[in-house]
There are 2 protein chains.
Amino acid sequence: MSDNLKPVPAVVIKRLPRYYRYLGELIKQGVPRISSAALSQKMGVTASQIRQDFNYFGGFGQQGYGYNVEHLYTAIGEILGLNNGYSMIIIGAGNMGRALATHGTFEKRGFRLVGIFDNNPELVGKEINGITICHTDELETFLDSEKPKIGILTVPKAAAQSLADILVKHGVAGILNFSYSELKTPAGVSVENVHLSDSLMTLSYKIKEN
Amino acid sequence: MSDNLKPVPAVVIKRLPRYYRYLGELIKQGVPRISSAALSQKMGVTASQIRQDFNYFGGFGQQGYGYNVEHLYTAIGEILGLNNGYSMIIIGAGNMGRALATHGTFEKRGFRLVGIFDNNPELVGKEINGITICHTDELETFLDSEKPKIGILTVPKAAAQSLADILVKHGVAGILNFSYSELKTPAGVSVENVHLSDSLMTLSYKIKEN
DNA sequence: TAGATTGTTAATCGATTAACAATC
DNA sequence: TAGATTGTTAATCGATTAACAATC
């Protein structure tokens, strides 16, 4: 058990949510502990990789015993920052924005949706999941007063970059980008892209192979 | 210019849609050709990687000239199987299903949505994007007669695996899975997962770091 | 032709797997 | 204690980058 010194590769971070999911399942099933070997079999990865991954963050296990499932689950949640209650807003109340606003998993993971914005007057004033849609004109004022941490962009490509600029200017820490474009942001602001058509294209390639 | 022999690493496949996107942009801008060096600067990757990636599929470039943008764009589309007009169905006409059904990019990339299914009687019969929602009871008959290539699962976790089994049983080649679970499918059937909460968690981690 | 830029081989870097001593 | 299983080092594998001869 030692504090982490080595930088954690991005590829390891990307695996953490998957571990988190499997550990959540185990808790539901009332499994109190698990060895890297048993988990490796469940998840289809090597036990070695599991132990290496966890040890980037210090030792969570105990020799001869394995890992305490609940402890490990909590620890990974902590590493991912799920207990920080990060607040987020959705910009773009189209189908995708609405799908995300009503997507229960986000709340379950400790994120709080605090605002929804759209520039369509027909949508402004309507309520989704208990939140009233505001006009994008009010965005900057809102950002300054409420200081949400995360902005979710579900707007057309053409609008994405200028909205991202506004988010950045008013102190958002991260952007979840659903628009078919890549955003330019300064070093301090993280972007995570969800390009649905990319996933479909990758699937398309795989189909061809079979 | 030689036919590919080496197996293409998954990591290269995942990059293809991004190349495709950038090349599409260049076409729009009327750029007829580009060197790996110029493209590398645009995309923020090394020129070496670009050339290596393309050469998994045989040489697309010309020494002293670079790459013909349109030719390369078409070639990558071909590799991804975008010209095959793959048919797809969406199962689950909730917010996410509707968002995908109206997601224009899919059609633009050559995929054809041919059916939408839900088990909620209130939704059955309604129309989305010109397609009438059918009851899930009709799914098997539909699969046998229409033989769609791709199934998009936007249903709750509890329903996902059994629906996936049905899709597999009736010959679907690939599944785009939005449910918060991992599907078991036989070797011949590809699955591409879109776990939105995973993306949010990864973003959450990155925010913490900054 | 001379210059530019690819295709491709070789070198480097990083991630995964294997092995095992430490230890619960 | 004996057995099990981690944490961690070392070996392997694969992916990225660099270099350059081939060639348009």
Side-chain angles (χ1 to χ4, degrees), chain A residues 1-19 22-23 26 31-73 75-76 79 202 205, chain B residues 1-19 22-23 26 31-73 75-76 79 202 205:
Chain A
M1 170 78 104
S2 71
D3 244 41
N4 168 46
L5 293 171
K6 280 175 285 182
V8 186
V11 72
V12 173
I13 301 304
K14 285 247 180 72
R15 283 198 288 262
L16 291 183
R18 187 154 182 263
Y19 289 128
Y22 273 86
L23 292 166
L26 288 169
V31 178
R33 70 179 166 114
I34 194 159
S35 69
S36 59
L39 188 58
S40 100
Q41 207 168 19
K42 259 194 183 307
M43 297 186 61
V45 298
T46 65
S48 220
Q49 181 167 82
I50 291 175
R51 295 204 298 278
Q52 289 278 25
D53 283 357
F54 292 168
N55 275 92
Y56 275 105
F57 307 99
F60 295 124
Q62 206 173 334
Q63 278 103 330
Y65 173 90
Y67 298 87
N68 177 299
V69 172
E70 261 198 86
H71 173 228
L72 186 56
Y73 181 79
I76 293 178
I79 291 162
T202 307
Y205 177 86
Chain B
M1 170 78 100
S2 70
D3 243 41
N4 168 49
L5 293 171
K6 280 176 286 183
V8 186
V11 74
V12 173
I13 302 303
K14 286 246 180 72
R15 283 198 287 263
L16 292 182
R18 186 155 183 262
Y19 289 128
Y22 274 86
L23 291 166
L26 288 169
V31 178
R33 70 178 168 115
I34 193 159
S35 70
S36 59
L39 188 57
S40 103
Q41 207 168 20
K42 261 196 182 305
M43 297 186 62
V45 298
T46 64
S48 220
Q49 180 166 84
I50 291 175
R51 295 204 298 278
Q52 289 278 25
D53 282 356
F54 292 168
N55 274 93
Y56 275 104
F57 308 98
F60 296 123
Q62 206 172 334
Q63 278 103 326
Y65 174 90
Y67 298 88
N68 177 300
V69 173
E70 260 197 87
H71 173 228
L72 186 54
Y73 180 79
I76 293 178
I79 291 162
T202 307
Y205 177 87

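The chains referred to below are lettered A, B, ... by the order of the sequence lines, with proteins before strands, and numbering in each begins at 1. Because the structure is predicted, anything quoted here is derived from the model rather than measured. Keep in mind that the numbers below use all heavy atoms, side chains included, and drop hydrogens, waters and symmetry copies.
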(Q) Can you tell me the base-pairing partner of D:dC13? Count Watson-Crick or G-U wobble geometry only, both distances below 3.5 Å, and say none if there is no partner. (A) C:dG14
Q. With both distances under 3.5 Å as the test, what is the Watson-Crick or G-U wobble partner of C:dC20?
A. D:dG7
So, OP1 or OP2 of [N]: does either fall under 4.0 Å of a side-chain N or O from [X]?
X: B:Ser36; N: C:dT6; value: yes
X: A:Tyr67; N: D:dG7; value: yes
X: A:Gln63; N: D:dA4; value: no

To the nearest 0.5 Å, how far apart are [atom1] in [X] and [atom2] in [Y]?
X: A:Tyr205; Y: B:Ile13; atom1: OH; atom2: CD1; result: 3.5 Å
X: A:Leu23; Y: A:Tyr67; atom1: CG; atom2: OH; result: 11.0 Å
X: A:Leu39; Y: A:Leu26; atom1: CG; atom2: CG; result: 7.0 Å
X: B:Tyr22; Y: B:Ile50; atom1: OH; atom2: CD1; result: 10.5 Å
X: A:Ile34; Y: A:Tyr65; atom1: CD1; atom2: OH; result: 11.0 Å

Given atom [atom1] of [X] and atom [atom2] of [N], what is their separation to the nearest angstrom?
X: A:Gln62; N: C:dT23; atom1: CD; atom2: P; result: 13 Å
X: B:Phe60; N: C:dT8; atom1: CZ; atom2: P; result: 12 Å
X: A:Ile34; N: D:dT6; atom1: CD1; atom2: C1'; result: 14 Å
X: B:Asn55; N: D:dT16; atom1: CG; atom2: C1'; result: 15 Å
X: A:Arg51; N: D:dA10; atom1: CZ; atom2: P; result: 16 Å
X: B:Met43; N: D:dT17; atom1: CE; atom2: P; result: 13 Å
X: B:Ile13; N: D:dA15; atom1: CD1; atom2: C1'; result: 14 Å
X: A:Asp53; N: D:dT8; atom1: CG; atom2: P; result: 14 Å

Heavy atoms under 4.0 Å, any strand shown: does [X] hit a base, just sugar-phosphate, or nothing?
X: A:Arg15; answer: sugar-phosphate
X: B:Ser48; answer: base
X: B:Phe54; answer: nothing
X: B:Val11; answer: sugar-phosphate

Q) Any N or O donor-acceptor pair linking the side chain of B:Gln52 to the base of C:dT6 at under 3.5 Å? A) no
Q.
Need to verify one output field. Residue with the more 5' nearest nucleotide on DNA chain D, A:Ala37 or B:Tyr65?
A. A:Ala37
Q | Most 5' of B:Gly66 and A:Gln49 on DNA chain C, judged by nearest nucleotide | A | B:Gly66
(Q) Return whichever of A:Thr46 or B:Gly64 has its heavy-atom-nearest nucleotide of DNA chain C closer to the 5' end. (A) B:Gly64
Q. Donor-acceptor pair, B:Arg15 side chain versus B:Gln49 backbone, under 3.5 Å?
A. no
